[in-house]
There are 2 protein chains.
Amino acid sequence: MHGHGPMTIGELSRRTGCKVETVRYYERIGLMPPAPRSAGRYRLYGEPDVRRLAFVRRARALGFAIDDVRTLLTLSRERRGGPCAEARQVAATHLAAVRAKIADLRAMERLLGDAVSLCATGEEPGCPVIEALADAPAAERGSARSRRGAAARRRRG
Amino acid sequence: MHGHGPMTIGELSRRTGCKVETVRYYERIGLMPPAPRSAGRYRLYGEPDVRRLAFVRRARALGFAIDDVRTLLTLSRERRGGPCAEARQVAATHLAAVRAKIADLRAMERLLGDAVSLCATGEEPGCPVIEALADAPAAERGSARSRRGAAARRRRG
DNA sequence: CTTGAGCCTGTAGCGACTACAGACCGTAAC
DNA sequence: GTTACGGTCTGTAGTCGCTACAGGCTCAAG
């Protein structure tokens, strides 16, 4: 077990920062190819696997859904250095979703911040946090939750 | 079935914008009390249920976890107009989580935006989206994913 | 030869719903 | 009466992306 030659799943895990269970999970769902096995049925990996898994982890860290990662992997395989309309489309769609989420969270931040700082002054009759929840107008359709659900449904097709 | 008197689950759903299945789910997990039943085993609700469910929906729309909502409900019951240190604590903790999430998403937004706009210029050799994923340094520990996981674990206790 | 770390498969759990299947209820029209 | 239709009932399984076991097997070091 020196530097070159195939590595075990634990070594792959150390090199990519991806947990062993997660690697096996990725194999199960087809995000990583089925690894060849040693005599004792241990999975064996090489440098291309390190690169592929690192790609997956970075895409996931940027918030791409598993299905998006699959698409991006395919695109990166078949179009090395070619046109990128499809990849740009996937990224642009995801970017829009990220921006929508940021907008939602900022709205939450403002409301929460207001309630908490009112609390801090201590001049209100009831707790401002509770009152904000009890007295605010009913939830509308265009809220954070609905939009999040819509995004998820879109992804699933 | 006119305006006053008890309403069915569908009417409660219409009045709060909360789906029928979600209302039943909330009852199952104890977020709503078990509703009294009609002769035909239909759930029956009154105005206090509308108020309670609206409270729950608003708290959820602000991103509070179910357990937080439970706490806030209890606090709103037992401390009407009293001190609010506990409620403020719950809200402040959640506010911090929201701010952390915003920071994560903004970092994603910046990276995605850069890659997509490089794509738009079309001057790069390979697709900038793919290249960004393939060539960037490996994921570190303090990434969006790890922090998200930590927050979830904290909430679960 | 024994220890111990690592690996294997398979399954269940998380949060917060959502989506059925298959039965039952209630009412209005015929 | 009866038929049609929509609402409601229970229970279960699916979603997403892992994570955490249990109960065994392998392999290298001492």
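In what follows, chains are A, B, ... by sequence order, proteins preceding strands, each numbered from 1.
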Q. Want to settle it: does A/Y42 or A/E21 sit nearer the 5' end of DNA chain D, counting the closest nucleotide to each?
A. A/E21
Q.
Reading DNA chain D from 5' onward, which residue's closest nucleotide shows up sooner: A/S38 or B/G40?
A. B/G40
Could you tell me the separation between the [atom1] atom of [X] and the [atom2] atom of [N], rounded to a whole number of Å?
{"X": "B/M32", "N": "C/dA16", "atom1": "CE", "atom2": "C1'", "answer": "16 Å"}
{"X": "A/D67", "N": "D/dC18", "atom1": "CG", "atom2": "P", "answer": "13 Å"}
{"X": "A/M7", "N": "C/dC7", "atom1": "CE", "atom2": "C1'", "answer": "16 Å"}
{"X": "B/I29", "N": "C/dG13", "atom1": "CD1", "atom2": "C1'", "answer": "16 Å"}
{"X": "B/Y25", "N": "D/dA13", "atom1": "OH", "atom2": "C1'", "answer": "15 Å"}
{"X": "A/L44", "N": "D/dC27", "atom1": "CG", "atom2": "C1'", "answer": "13 Å"}
{"X": "A/R14", "N": "C/dG6", "atom1": "CZ", "atom2": "P", "answer": "7 Å"}
{"X": "B/I9", "N": "C/dC25", "atom1": "CD1", "atom2": "C1'", "answer": "15 Å"}

Check: protein-nucleotides 9-12 of chain C nitrogen or oxygen pairs below 3.5 Å:
from, atom 1, to, atom 2, distance (Å)
C/dT9, OP1, A/R37, NH1, 3.3
C/dT9, OP1, A/R37, NH2, 2.9
C/dT9, OP2, A/R43, NH1, 3.0
C/dT9, OP2, A/R43, NH2, 2.7

Partners meeting salt bridge (charged side-chain N to carboxylate O under 4.0 Å, His left out) with [X] (sequence neighbours left out):
{"X": "B/R106", "answer": "none"}
{"X": "B/R88", "answer": "none"}
{"X": "B/R99", "answer": "A/E109"}

Q: Name all residues meeting the side chain to side chain donor-acceptor pair (under 3.5 Å) criterion together with A/Y42; count only those two or more places apart in sequence or in a different chain, and write none if there are none.
A: none
**Q.** Pairing residues for A/P33 by the side chain to side chain contact (heavy atoms under 4.5 Å, CB included) criterion, not counting sequence neighbours
**A.** A/D49, A/R52
Donor-acceptor pair, [X] side chain versus [Y] backbone, under 3.5 Å?
{"X": "A/R51", "Y": "B/A134", "value": "no"}
{"X": "B/T74", "Y": "B/R70", "value": "yes"}
{"X": "B/S13", "Y": "B/I9", "value": "no"}

Counting only side-chain N and O atoms of [X], is one of them less than 4.0 Å from OP1 or OP2 of [N]?
{"X": "A/T22", "N": "D/dT19", "result": "yes"}
{"X": "A/K19", "N": "D/dG17", "result": "no"}
{"X": "B/T8", "N": "D/dT8", "result": "yes"}
{"X": "B/Y26", "N": "C/dC17", "result": "yes"}

(Q) Taking side-chain hydrogen bond (donor to acceptor under 3.5 Å, both in side chains) as the cut-off, I'd like each qualifying pair that reaches into residues 20-34 of chain A, sequence neighbours left out, listed once. (A) A/Y26-A/R57, A/E27-A/R43
Q. Given that B/F64 and A/V20 both sit by DNA chain C, which one's nearest nucleotide is further toward the 5' end?
A. A/V20
Q. Which ring pair (Phe, Tyr, Trp, His ring centres under 6.0 Å) pairs, counting each pair once, include a residue from residues 85-127 of chain B, with sequence neighbours left out?
A. B/F64-B/H94
Q. At what angle, to 10 degrees, do the two end axes of the helix from C/dC1-D/dG30 to C/dC30-D/dG1 meet, given five pairs define each axis?
A. 30°
